Amino acid sequence: MISFNTVLFHDFETLDAFGPVEIIGKMPKSYKLNYFSMNGETVLSSQHISVNTRAFSEIDQSGILLIPGGMGTRKLIDNADFIEQIKILSQEALYVLTVCTGSALLAKTGLLENKNATTNKMAFDWVNSIANGINWSKNARWVKDGKYYTSSGVSAGMDMTLGFINDIHSEKTANNLCKYIEYIWNKDKNNDPFAIA
């Protein structure tokens, strides 16, 4: 069983985290869900959902890392200790999935340099300003480059996660999950209906 480790912080966007968690959680024989914050505390999302977490030091680093976005990323982007921890965890993880402005945190680590990525289109200019040397896609719903998956805003994280399931397991598995949760999957990762010119 693989650990699916969700990074949480104050003012994370609820669906960024729990859209992917809803999907991964339907595969309990394959993945174990875990929630972490830097110091292991009770974290509040932007919608005031309270989540008890464990400290980063307890993460199974061989697992999969999910980094959501949200307004909290603006405060963390200049937190050197947090960014360094994210860098270490991302380097060790099997795969790293980011949703929305979670890609800004990953970009700040330098691990996306010379890679393709995308992010929330409404925050595109801000995220693009975080780090140099990244090929940011204005049109993609999600992007896979090596072990790094980045997605556009909020609900795009669910499309990306299904794309991840398709890549790692099968399209049949991803489609069955869609039926189970009654979700219409945007399968075209290169077509974000919220793309910017």
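Index from 1, following the sequence. What you see is a predicted model; the values in this text were computed from it and never measured.
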Between Thr101 and Gly69, the two heavy atoms sitting closest are OG1-CA, 3.4 Å
Q.
Whether the side chain of Asp145 engages the backbone of Asn116 through a donor-acceptor N/O pair (distance < 3.5 Å, no angle test) should be reported.
A. yes
query = Between Thr150 and Ser103, is any side-chain donor less than 3.5 angstrom from a side-chain acceptor?
reply = no
For residues 176-188, the salt bridge (Lys or Arg N to Asp or Glu O under 4.0 Å) pairs (sequence neighbours left out) are Glu171-Lys187
Can you find a pair of side-chain heavy atoms, one from Pro68 and one from Phe9, that are under 4.5 Å apart?
yes
All heavy atoms of Ala131 vs all of Trp136, minimum pair found to be O-NE1, 4.4 Å
> Is the closest side-chain heavy-atom distance between Ile77 and Ile130 below 4.5 Å?
Replying inline: yes
Subject >> Beyond-backbone contact of Met71 with Glu13, side-chain heavy atoms, under 4.5 angstrom >> reply: no
Under 4.0 Å between a side-chain nitrogen and a carboxylate oxygen: does that hold for Lys144 and Asp167? no
Measuring only between side-chain heavy atoms, which start at C-beta, is Trp185 closer than 4.5 Å to Asn166? yes
*asked:* Pair Tyr183, Asp159 - check side chain to side chain contact (heavy atoms under 4.5 Å, CB included), show working.
replied: CA-CA 10 Å; Tyr183 181 75; Asp159 293 328; 2.9 Å; yes
With a 6.0 Å cut-off on the ring centroids, do Tyr149 and Phe164 count as close?
yes
Exercise for review: Fit a plane to each ring of Phe18 and Tyr35, take the angle between them on a 0 to 90° scale, and name the class: parallel (under 30°), tilted (30 to 60°) or perpendicular (over 60°).
Suggested key: tilted
By side chain to side chain donor-acceptor pair (under 3.5 Å), Tyr180 pairs with (sequence neighbours left out) none
Correct closest heavy-atom pair for Leu33 and Gly25 would be CD1-CA, 3.8 Å
When rounded to the nearest 0.5 Å, the distance separating CD1 of Ile165 from CG of Asn176 is 11.5 Å
Does any non-hydrogen side-chain atom of Thr161 lie less than 4.5 Å from one of Glu22?
no
* Asked: Under the salt bridge (Lys or Arg N to Asp or Glu O under 4.0 Å) criterion, do Asp11 and Lys75 qualify, and how do the steps go?
  -> CA-CA 10 Å; Asp11 290 329; Lys75 298 174 185 176; 3.5 Å; yes
- Message: Please evaluate residues Ser137 and Thr118 with respect to the criterion side chain to side chain donor-acceptor pair (under 3.5 Å), reporting the C-alpha separation (whole Å), side-chain torsions for both, the decisive distance (0.1 Å), and the verdict.
- Response: CA-CA 5 Å; Ser137 172; Thr118 196; 4.8 Å; no
| request: Decide yes or no on side chain to side chain contact (heavy atoms under 4.5 Å, CB included) for Ile59 and Arg54, but give the supporting numbers first. | output: CA-CA 8 Å; Ile59 288 183; Arg54 291 183 285 154; over 6 Å; no
- Task: Mind running side chain to side chain donor-acceptor pair (under 3.5 Å) on Asn5 and Asn34 for me, showing each step along the way?
- Result: CA-CA 5 Å; Asn5 303 317; Asn34 304 287; 3.1 Å; yes
d(Leu112 CG, Asn132 CG) to nearest 0.5 Å is 13.0 Å
Tell me whether Phe124 shares a hydrophobic cluster with Met122, the cluster being built from Ile, Leu, Val, Met, Phe, Trp, Tyr side chains joined at under 4.5 Å.
no
Report task. Tell me, with the steps shown, if Gln47 and Leu15 meet side chain to side chain contact (heavy atoms under 4.5 Å, CB included). Result -> CA-CA 10 Å; Gln47 292 74 29; Leu15 189 62; over 6 Å; no
Nearest heavy-atom approach of Met1 to Pro28 is CE-O, 3.0 Å
- Task: Evaluate the side chain to side chain contact (heavy atoms under 4.5 Å, CB included) criterion for residues Ile23 and Ile181: first the C-alpha distance (whole Å), next the side-chain angles of each, then the deciding distance (0.1 Å), finally the verdict.
- Result: CA-CA 8 Å; Ile23 294 165; Ile181 65 173; 3.8 Å; yes
Closest non-hydrogen contact found for Ser37 with Glu41 is OG-N, 3.2 Å
When every non-hydrogen atom of Asn186 is compared with those of Trp142, the smallest separation belongs to O-CZ3, 3.2 Å
Requested in this report: Determine, using the 4.5 Å side-chain heavy-atom cutoff (strictly less than), whether Ile67 and Leu162 are members of one ILVMFWY cluster.
Outcome: yes
Exercise for the section: Would you check if Phe12 and Leu44 make a side-chain contact, meaning some heavy-atom pair closer than 4.5 Å? Expected result: no
Checklist entry - Would the number of heavy atoms belonging to other residues, nucleotides or ligands and lying under 6.0 Å from NZ of Lys32 be above 12? => result no
Distance col, row Leu8:CG vs Thr53:OG1, nearest 0.5 angstrom, shows 6.5 Å
Output for pair (Asn52 CG, Thr42 OG1), nearest 0.5 Å, gives 4.0 Å
So CE of Met158 and CG of Asp16: to nearest 0.5 Å the spacing works out to 11.5 Å
Under 4.5 Å between side-chain heavy atoms, counting indirect links through other Ile/Leu/Val/Met/Phe/Trp/Tyr residues: same cluster for Tyr148 and Ile168 or not? yes
State, without any angle test, whether Ser152 and Asn120 hold a side-chain donor-acceptor pair at a distance under 3.5 Å. no
Got Leu76 and Leu105 here, is their nearest side-chain heavy-atom distance under 4.5 Å? yes
So, do Asp192 and Lys121 sit near enough that their side-chain heavy atoms are less than 4.5 Å apart? yes
Name every donor-acceptor pair, under 3.5 Å, that has one atom in a side chain of residues 80-100 and the other anywhere in the protein, sequence neighbours excluded.
from, atom 1, to, atom 2, distance (Å)
Ser90, OG, Ile86, O, 2.8

